[in-house]
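Chain identifiers are assigned alphabetically (A, B, ...) following the order of the sequence lines, protein sequences preceding nucleic acid strands; residue numbering begins at 1 within each chain.
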Amino acid sequence: MKTNKIILILFLTVLFLLPVSGITVEEIISEIDRNKVSSTQEFRAKMFIKKDNKVLEKEYTGYGQEEGEKFFITFTNAEDLGVKYLKIEDELWIYFPDADDVMKISGHMLRQGMMGSDVSYEDMMDLDKLEEKYDSELLGEETINDSLCYKIKSTAKTDDVTYYSQELWVDKKTFVVLKMDLYAKSGRLLKQIQQFNIQKFDNKYYALNMTIQDMRKKDTLTTMEIIEIKFDIKIPENTFTKQNLYR
Amino acid sequence: MFKKFLIIFLIIFPVISFSEEIVEKESVPPPRITGRLRNDLIYFSVNNENYYYDLFEIRLIVTQNFSRGRFFGDIRGYIDPGDSVFEFENFTQPDSPRLMRCFWKIYSGSGDITFGKTYITFGNPGIFNIFDMDKQVNLTDLSYDKEGIFAAAGYIPLNKMSGIKTYISGDITGEAGVSIFSNFKSFDYGAVINRINPDINIVGIYFKGDIEIGINGSWGIHFNDKFDDYFHEANLGFDYSYKKLIFGTEFYYNEAGAVEPENYFLNEIPNTYFNARNYMYNSIVLAYDEFLSFSLNNFTNLNDNSSIVTLGCDYTLSNNLLLNLQTGFLTGTGNDEFSRELTGNLTALIRIEFKF
C-alpha cells in the first residue's frame, strides 16, 4: 500500500514536470518562428486607429526582409501621403514629403506611437526577440476564440527590453500567436495584442488581422489589416536605402 | 536666363526621357491628384490696434510615377485674403497662384537627378538648421512651407546609408552646393559646402544621433570669396520623450549677430536666423492621445532675454480633417528683438484643414 502511494506520488511529480502535450516550450517557439520565416515580404495594409467612437484610417504599402530586420513603408492615405519609414536593424528614418527631407528618429522616440496609433515604433521594429531576450515557460492550455492554445509566459533576462514579461497564447494547430499580453516589471498590463484571420501560405500560417490595445489609454484600439501579402519575392534593388526615401 | 533654360529643359527632357517607356507601352499608373483646403484666421495686436486676417488656401499636388522616375507638382491658390492686414507692414499677401515645387526626378543605377523647382536640403532638418538656405521663420506657423528653388540636383548613393547630394541653380537663394553624408553606429553625420550667393559661402559639418537622449549639432563658417570676411554659426540640440511628453531644446550661435539691442538692425546679416548672437529654442509636446496634442514653444534671445512664446493645440476632427489653434505672445520691451512695441504683443491662429 505504501509502495503504491510512493509510485503514485512519483508518477504525479513526473507528470507535473513533463511538458504539456509532450511538447517543450522551445519547440513551440521554434514552430512560431517557422511560421514567420520568409526571406522577403511585400504587403499592402490598412491601419484603423479607434478612440471612443471615432476612427482614423491609414493605408500603407511596403517591403520587409530578414524577419523585420529591414523594412520600407510608404503611407498612401491622403493625410499622410508620401510619408515613408526605413528601418535597418535597430535604426529608423522617416521621410517627410512636405519638407522633402529625411530625419533619423531618436532612440527614445521609438517608445512613441507610430502615426498616433497604439503601435509604438519599438513594437513595429520587433527589437525584443523572444528567444534571445526572454526565458519562457509553458503554463498550460487555454481556449482563445474557440481555438485551443498553449499558454506561455516569457520573462526578460535583462532590463533592456520594452516589456518585462509577456503571456502568449499559441494556437495548437497553426502555431500562430492568437493573443499576447505585455507587462511592465511592476506587473501592470501595458498592451494586449490579438491576431485573427489566420491564412495558410504554402506550409506557413500567417495572421492577416491584428488588434493592439494600449491598456494605459482609455477606450483606444488600433487594428491592422493586411490586404495583400506576398512572401519570398524579389525585392527591387535599393529598396532599403536612404536614396529610396527621397524617391 | 538660367531659370528660363531650366523651365524649357523641365518640359522637354522628360518627354525625351520617358518616350522610350511610352513606346514600350509600359503600364504607367495614371497621375494622382491630391491636395488640401486650409483656412487660417489670424489675429494680432500691435500697439493696442487689432488686426484680423483670413486666408483660404487651396493646395493641389500632382504626382506621376514611372519606373525610372517621377513627376511632382505642388501649386497653391489663395482666395480673397482680407484687406485690413495689408496696412500692417509685417504681413504680405502671398502670390496666387503660387508654384511651390514642380520637378522631374530621374532614377538611374548610378544616382538620381532632379530638374525643376525643388527643395534643396542639407544638414539636420528642423529649427536652427545652419545649412538651411532660406532662414526666414514664420512665428505664427513654425511648420509653414517654403518655396522650392529652380535647380538641377543630384543624389549619388555611396552605399545604403551614405551618399552625396549636390545641386546647381540660378536662384537667389542658392547657386551650387554639395553635401556628403553617412551613418555610423547610431549617428548620422555629414559635411556641406554651399555657395549661396556671390560672396556668401558656407562650409561646415553636422551630426544627429543618440546617447540615451537624442543629440544633434552643426557648425559652419560663412565667408566671402576672398575669405577676408567670415563668421561662425553653430547649433546644438537635445531631445527626449517621457510617456506622453516630448521635450526639445536647441541652442543657436551666430558670431556675426549683434550683442546690444541698438545694433540689431544696423546691418542685415545674410543667411542667418534673426539678428542677435545667441538664441535658445525650447519645445514641449504633450501627445494626449491619438487625436489631441498640445505644444508649448519658446524662442529666447539670450542677449536681451526677450522671448516669443507660443501655445498650440492640434485636434483631429475626423479622417483628413484637422483643427489647429495657436496663440503667441512676446515678452520683450523697448528695443528688445522680440519687443511687444515693435512686433505686437499677441497673435492667435485658428486653422482648419482638410486633406483629400
Inset, instruction - Count the heavy atoms of every other residue, nucleotide or ligand shown that sit under 6.0 Å from CG of A:D202, and state whether that count exceeds 12. - result: no
Legend entry - Under 4.5 Å from a heavy atom of chain A, the part of B:I61 involved: neither
Inset, instruction - Kindly indicate whether the side chain of B:Y107, heavy atoms from C-beta on, has any atom under 4.5 Å from the side chain of A:Q243. - result: no
Legend entry - Heavy-atom proximity to chain B below 4.5 Å, by part of A:K217: side chain
Inset, instruction - Mind ranking B:Y242, B:F356, B:Y155 by heavy-atom pairs under 4.5 Å with chain A and telling me who comes out on top? - result: B:Y155
Inset, instruction - Tell me, for A:F96 versus chain B, whether the close heavy atoms (under 4.5 Å) come from the side chain, the backbone, both or neither. - result: neither
Inset, instruction - Identify which of B:G111, B:G148, B:S241, B:G35 forms the greatest number of heavy-atom pairs closer than 4.5 Å to chain A. - result: B:S241
Legend entry - Heavy-atom pair count under 4.5 Å with chain B, highest-scoring of A:K50, A:M109, A:K58: A:M109
Inset, instruction - Among the options A:A99, A:S117, A:P236, pick out the one with the most heavy-atom pairs lying under 4.5 Å from chain B. - result: A:A99
Legend entry - Heavy-atom proximity to chain B below 4.5 Å, by part of A:I49: both
Legend entry - Side chain / backbone / both / neither for A:T239 at chain B, heavy atoms under 4.5 Å: neither
Legend entry - Largest heavy-atom contact set with chain A, pairs under 4.5 Å, which of B:G126, B:G209, B:G109, B:S186: B:S186
Inset, instruction - Determine whether A:S106 and B:K208 make a side-chain contact, defined as any pair of heavy atoms from C-beta on separated by less than 4.5 Å. - result: yes
Inset, instruction - Test B:R32 against A:T76 for side chain to side chain contact (heavy atoms under 4.5 Å, CB included), laying out the working first. - result: CA-CA 11 Å; B:R32 184 167 181 186; A:T76 56; 4.2 Å; yes
Inset, instruction - For chain B, find which of A:N238, A:V102, A:D101 contributes the most heavy-atom pairs closer than 4.5 angstrom. - result: A:D101
Legend entry - Side-chain touch A:M103/B:N216, heavy atoms, less than 4.5 angstrom: no
Inset, instruction - Kindly compute the distance separating CD1 (A:I88) from CE (B:M161), expressed to the nearest 0.5 Å. - result: 5.0 Å
Legend entry - Nearest non-hydrogen partners of B:F291 and A:K51, listed with the distance: CE1-CB, 3.0 Å
Inset, instruction - Please determine if A:K54 and B:D289 form a salt bridge, counting it only when a charged side-chain N lies under 4.0 Å from a carboxylate O. - result: no
Inset, instruction - Please report the shortest heavy-atom distance between A:D100 and B:Y119, naming the atom on each side. - result: CB-CD1, 3.7 Å
Legend entry - Option that, when pairs with chain A are counted at under 4.5 Å, heavy atom only, ranks first among B:T63, B:I215, B:N183: B:N183
Inset, instruction - Can you tell which part of B:F187 gets under 4.5 Å to a heavy atom of chain A, answering side chain, backbone, both or neither? - result: backbone
Inset, instruction - Using a cut-off of under 4.5 Å on heavy-atom pairs, state which of B:T34, B:I246, B:T114, B:N124 scores highest against chain A. - result: B:I246
Inset, instruction - May I ask you to name which of A:L56, A:T241, A:D214 has the most heavy-atom pairs under 4.5 Å with chain B? - result: A:L56
Legend entry - Side chain / backbone / both / neither for A:L245 at chain B, heavy atoms under 4.5 Å: neither
Inset, instruction - Using non-hydrogen atoms and a 4.5 Å limit, figure out which bit of A:Q112 sits close to chain B: side chain, backbone, both or neither. - result: side chain
Inset, instruction - Assess whether atom NZ of A:K157 is packed by more than 12 heavy atoms of other residues, nucleotides or ligands within 6.0 Å. - result: yes
Inset, instruction - May I ask you to name which of A:N77, A:T220, A:L86 has the most heavy-atom pairs under 4.5 Å with chain B? - result: A:T220
Legend entry - Part of B:N320 lying under 4.5 Å from any heavy atom of chain A: both
Legend entry - Greater than 12 external heavy atoms within 6.0 Å of B:Y288's OH: no
Legend entry - Between NZ on residue B:K355 and CG on residue A:D80, distance to nearest 0.5 Å: 7.0 Å
Inset, instruction - Examine whether an atom of B:T118 lies under 4.5 Å from a heavy atom of chain A, and if so say whether it belongs to the side chain, the backbone or both; otherwise answer neither. - result: side chain
Inset, instruction - Count the heavy atoms of every other residue, nucleotide or ligand shown that sit under 6.0 Å from NZ of B:K244, and state whether that count exceeds 12. - result: yes
Legend entry - Option that, when pairs with chain A are counted at under 4.5 Å, heavy atom only, ranks first among B:E353, B:R101, B:K165, B:K243: B:R101
Legend entry - A:K104 side chain vs B:D210 backbone, donor-acceptor pair below 3.5 Å: no
Inset, instruction - Determine whether the side chains of A:H108 and B:D239 contain a donor N or O and an acceptor N or O closer than 3.5 Å. - result: yes
